[in-house]
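By convention in this document, chain letters (A, B, ...) are assigned in the order of the sequence lines, proteins followed by strands, and residues within each chain are numbered from 1.
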2 protein chains.
Amino acid sequence: MNTLELIQKNLNAFSKSERKVAEVIIASPQISIRSSIATLAKMAEVSEPTVNRFCRRLDTKGFPDFKLHLAQSLVKGTPYVNRNVDEHDGAEAYTAKIFESTMACLNGAKNTLDTTLVNRAVDVLTQAKKISFFGLGASSSVAHDALNKFFRFNIPICCFDDILMQKMSCINSSEGDVVVFISHTGRTKALVEVARIARENNAFVIALTALNSPLAKESNLVLSMSVPEDTDIYMPMASRIAQLVLIDVLATGFTLRRGSKFRENLKRVKKGITDSRFDLCDL
Amino acid sequence: MNTLELIQKNLNAFSKSERKVAEVIIASPQISIRSSIATLAKMAEVSEPTVNRFCRRLDTKGFPDFKLHLAQSLVKGTPYVNRNVDEHDGAEAYTAKIFESTMACLNGAKNTLDTTLVNRAVDVLTQAKKISFFGLGASSSVAHDALNKFFRFNIPICCFDDILMQKMSCINSSEGDVVVFISHTGRTKALVEVARIARENNAFVIALTALNSPLAKESNLVLSMSVPEDTDIYMPMASRIAQLVLIDVLATGFTLRRGSKFRENLKRVKKGITDSRFDLCDL
DNA sequence: AAGTTTAATGTAACTTTATTACACGAACGA
DNA sequence: TCGTTCGTGTAATAAAGTTACATTAAACTT
């Protein structure tokens, strides 16, 4: 377990002074590993032995040993930890926090994603007669993004925000069609119903959603990622970002599976777009 | 450059005693990073200052600093680097690469984003009579996402994919309106023209785009982030993700600026959504 | 609610660790 | 051969980390 994450997780288990130390370290781990125990103690406004006790509580032999662990975890794992935005944060502070939280989130998502299932999903997608992407609310922009990506592959594809259009589309689906549903919670009633209809019409249902959710139960294949819930009102839904990256992953897998001739095509599409742009020399 | 490799490579450049130190470290680096300078000196059968000099020769401040560098280099795998997907990658490999590249990208974006400008943008947005979000192609899903976020703030807001609708909307704009344009390259002709129209009608133009691009030149305020260009056809546009996070940042800044009463409202909206969901006990 | 106990924290003495200053001796060149 | 330079070690010094203990705050008991 990553030392920095460990500190973050145990924040509540620490005593008042120890928490001060923890906060200083989380705020600037890179500085911490270069500081002496005296400097760190001063930064956290506690005494040196408190810092030492803090280190021991984290199962290290002492301060130098702790620094070693921290230094290694800064390389290995995420240097970033989910930090909530505070009411009094300035632009610099909240910008950093949001970027870092998002990165921490992606790291978590990556580690909990089952790549065997990714592989199966890619299998199914490459063999699809038609692919549909459906999401509602915040997830609808993820569906749009997926449309944009898969559209370039020149295969029958569709994407609707509208729940009725989604239903109609599913009613018309048949064997060989694949429907991808996107929902963070997997508990949006309307969407779950659409998924059921898709299944009833022999479509293959892939869900980017939470494990064991109602939506997951209606699906043939569930791609889930554990992403911390957005308990904080300031905190934007990083889950959405993780879903987008997952779409990237699926699109990439798709491209790879299709072989080299297919990739030549892609280059042509990309080149086609540049014609609607100013030349680089216009810069 | 990896410290251990560096030692290995420079073996011949060291003096006799220093080489002894180098050999001991190469033989058991894990032990070395946990030893004191005295222990290491004894292991190498040299004096302590020799070890110290050895450390300085490797451009470190001293023994503790050297240990830090060594410790970090001993950790395998560099996580946050942009690694291109390879034709022969399996699902696990490309999944990891894409997630990690995206994180690397976000990190880069974070570091190149000017928070002073973020602050100004938030200023402008909070005072806007109406806010519009426009993007084309891949950026249109970013615009949608922005709509979804800012919509909750209960202010006049709009978002169009259609270039004609965008134009019409801009022609009708007036003093106090803010239009946010989203474009990775900033060179999409159609969008640049819309921006010009917006400006001509006294709207305040914010662009999430590349510095010095034609779009940037038509804008009152440019939020740019340096994100590696997607040279690789496999590699999905991580720039899009960075833009989404930037939207998150702006939305958060907006929320903070509006004060605590406003945030109470947001909680209500959030609660309102849950009614269209299955209860948690349905899980 | 007061007293007792326990946990948390800081002070100061002490130990360990690292660095510096300097001296000695070998290698090299004139 | 002498002087210089470079490498090395010894010893002194400084810095960092740890321990023991005293003090204070918190919690629990009666």
Side-chain angles (χ1 to χ4, degrees), chain A residues 3 6-74, chain B residues 3-4 6-7 9-74:
Chain A
T3 306
L6 194 75
I7 297 172
Q8 172 80 23
K9 223 185 63 183
N10 289 29
L11 255 186
N12 301 322
F14 295 126
S15 71
K16 195 153 50 103
S17 302
E18 283 172 351
R19 193 169 314 140
K20 283 192 207 166
V21 179
E23 276 160 8
V24 168
I25 292 170
I26 289 170
S28 43
Q30 290 292 351
I31 295 171
S32 303
I33 55 170
R34 280 157 216 291
S35 308
S36 70
I37 194 168
T39 317
L40 194 64
K42 206 168 282 172
M43 286 200 283
E45 296 178 308
V46 298
S47 69
E48 298 178 25
T50 300
V51 177
N52 195 282
R53 281 187 284 261
F54 169 84
C55 297
R56 301 233 164 119
R57 197 171 297 277
L58 288 151
D59 286 320
T60 60
K61 285 191 206 151
F63 184 68
D65 189 40
F66 166 77
K67 281 208 292 192
L68 222 63
H69 278 98
L70 184 59
Q72 299 201 326
S73 83
L74 287 184
Chain B
T3 305
L4 205 55
L6 195 74
I7 298 172
K9 220 182 66 179
N10 289 29
L11 255 186
N12 302 321
F14 295 127
S15 72
K16 193 153 50 99
S17 301
E18 283 172 352
R19 193 167 317 140
K20 282 192 209 166
V21 179
E23 276 159 7
V24 168
I25 291 170
I26 290 170
S28 43
Q30 289 293 349
I31 294 171
S32 303
I33 55 170
R34 283 159 212 290
S35 309
S36 71
I37 194 167
T39 318
L40 194 63
K42 206 168 283 170
M43 286 199 285
E45 296 179 307
V46 298
S47 70
E48 300 178 24
T50 300
V51 177
N52 197 282
R53 281 187 284 264
F54 168 85
C55 298
R56 300 234 165 118
R57 198 171 297 278
L58 288 152
D59 285 321
T60 60
K61 285 195 208 146
F63 184 69
D65 189 40
F66 167 78
K67 281 207 292 192
L68 222 63
H69 278 98
L70 184 60
Q72 297 199 327
S73 82
L74 288 182

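- Considering only side-chain N and O atoms, Ser15(B) lies under 4.0 angstrom from the phosphate OP1 or OP2 of dT8(D).
- Arg56(A) has its CZ atom 12 Å from the P atom of dG17(D), to the nearest Å.
- Distance, Asp65(A) CG to dA16(D) P: 19 Å, rounded to whole Å.
- Listed by first and then second residue, the ring-ring contact (aromatic ring centres under 6.0 Å, His included) pairs that reach into residues 19-49 of chain A come to none, sequence neighbours excluded.
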Identify the pairs formed between an N or O of the protein and an N or O of nucleotides 27-29 of chain C at a distance under 3.5 Å, and give each distance.
none

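- Defining each end axis of the helix from dA1(C)-dT30(D) to dA30(C)-dT1(D) as the rotation carrying four pairs' C1' atoms onto the next four, with five pairs an end, the two axes are found to diverge by 10° to 10 degrees.
- Applying the ring-ring contact (aromatic ring centres under 6.0 Å, His included) test to pairs two or more places apart or on separate chains, none has a residue in residues 26-47 of chain B.
- In this model, the phosphate group of dT9(C) is not approached by any side-chain N or O of Arg19(A) to a distance below 4.0 Å at OP1 or OP2.
- Within the structure, ring-ring contact (aromatic ring centres under 6.0 Å, His included) pairs that include any residue of residues 16-38 of chain A do not occur (at least two apart or interchain).
- A straight line from NZ of Lys42(A) to C1' of dT11(C) spans 15 Å, rounded to a whole angstrom.
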Using atom types as modelled, flag every donor-acceptor pair under 3.5 Å from a side chain in residues 52-66 of chain B to any protein atom, sequence neighbours excluded.
| unit_1 | atom_1 | unit_2 | atom_2 | d |
| --- | --- | --- | --- | --- |
| Arg56(B) | NE | Lys61(B) | O | 3.3 |
| Arg57(B) | NE | Glu18(B) | OE1 | 2.8 |
| Arg57(B) | NE | Glu18(B) | OE2 | 3.1 |
| Arg57(B) | NH2 | Glu18(B) | OE2 | 3.1 |
| Thr60(B) | OG1 | Cys55(B) | O | 2.7 |
| Asp65(B) | OD2 | Lys61(B) | N | 2.9 |

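- With hydrogens and angles ignored, the 3.5 Å screen pairs no side-chain donor or acceptor of Gln72(B) with any backbone N or O of Gln72(A).
- As a whole-Å value, the separation of Ile37(B) CD1 from dT16(C) C1' is 13 Å.
- At whole-Å resolution of the value, CZ in Arg57(B) and C1' in dC6(D) are 10 Å apart.
- Atom CZ of Phe63(B) is separated from atom P of dG17(D) by 13 Å (rounded to the nearest Å).
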Without placing hydrogens or testing angles, list every side-chain donor-acceptor pair under 3.5 Å for residues 37-50 of chain A, not counting sequence neighbours.
| unit_1 | atom_1 | unit_2 | atom_2 | d |
| --- | --- | --- | --- | --- |
| Thr39(A) | OG1 | Ser36(A) | OG | 2.8 |
| Ser47(A) | OG | Thr50(A) | OG1 | 3.0 |

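- Residue pairs meeting the ring-ring contact (aromatic ring centres under 6.0 Å, His included) criterion with at least one member in residues 18-52 of chain A: none, sequence neighbours excluded.
- Atom NZ of Lys20(A) is separated from atom P of dT9(C) by 8 Å (rounded to the nearest Å).
- Rounded to an integer number of Å, the gap from Lys67(B) NZ to dA16(D) P is 14 Å.
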Any protein N or O atoms within reach of nucleotides 5-7 of chain C? Criterion: under 3.5 Å, listing atom names and distances.
none

Atom pairs and distances, donor-acceptor, side-chain atoms in residues 19-26 of chain B, under 3.5 Å, two or more places apart:
| unit_1 | atom_1 | unit_2 | atom_2 | d |
| --- | --- | --- | --- | --- |
| Arg19(B) | NE | Leu11(B) | O | 3.1 |
| Arg19(B) | NH2 | Phe14(B) | O | 3.1 |

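- Annotation: proximity of residues 45-54 of chain A to DNA chain C (heavy atom, distance under 4.0 Å) is found for Val46(A), Ser47(A), Pro49(A), Thr50(A), Arg53(A), numbered in ascending order.
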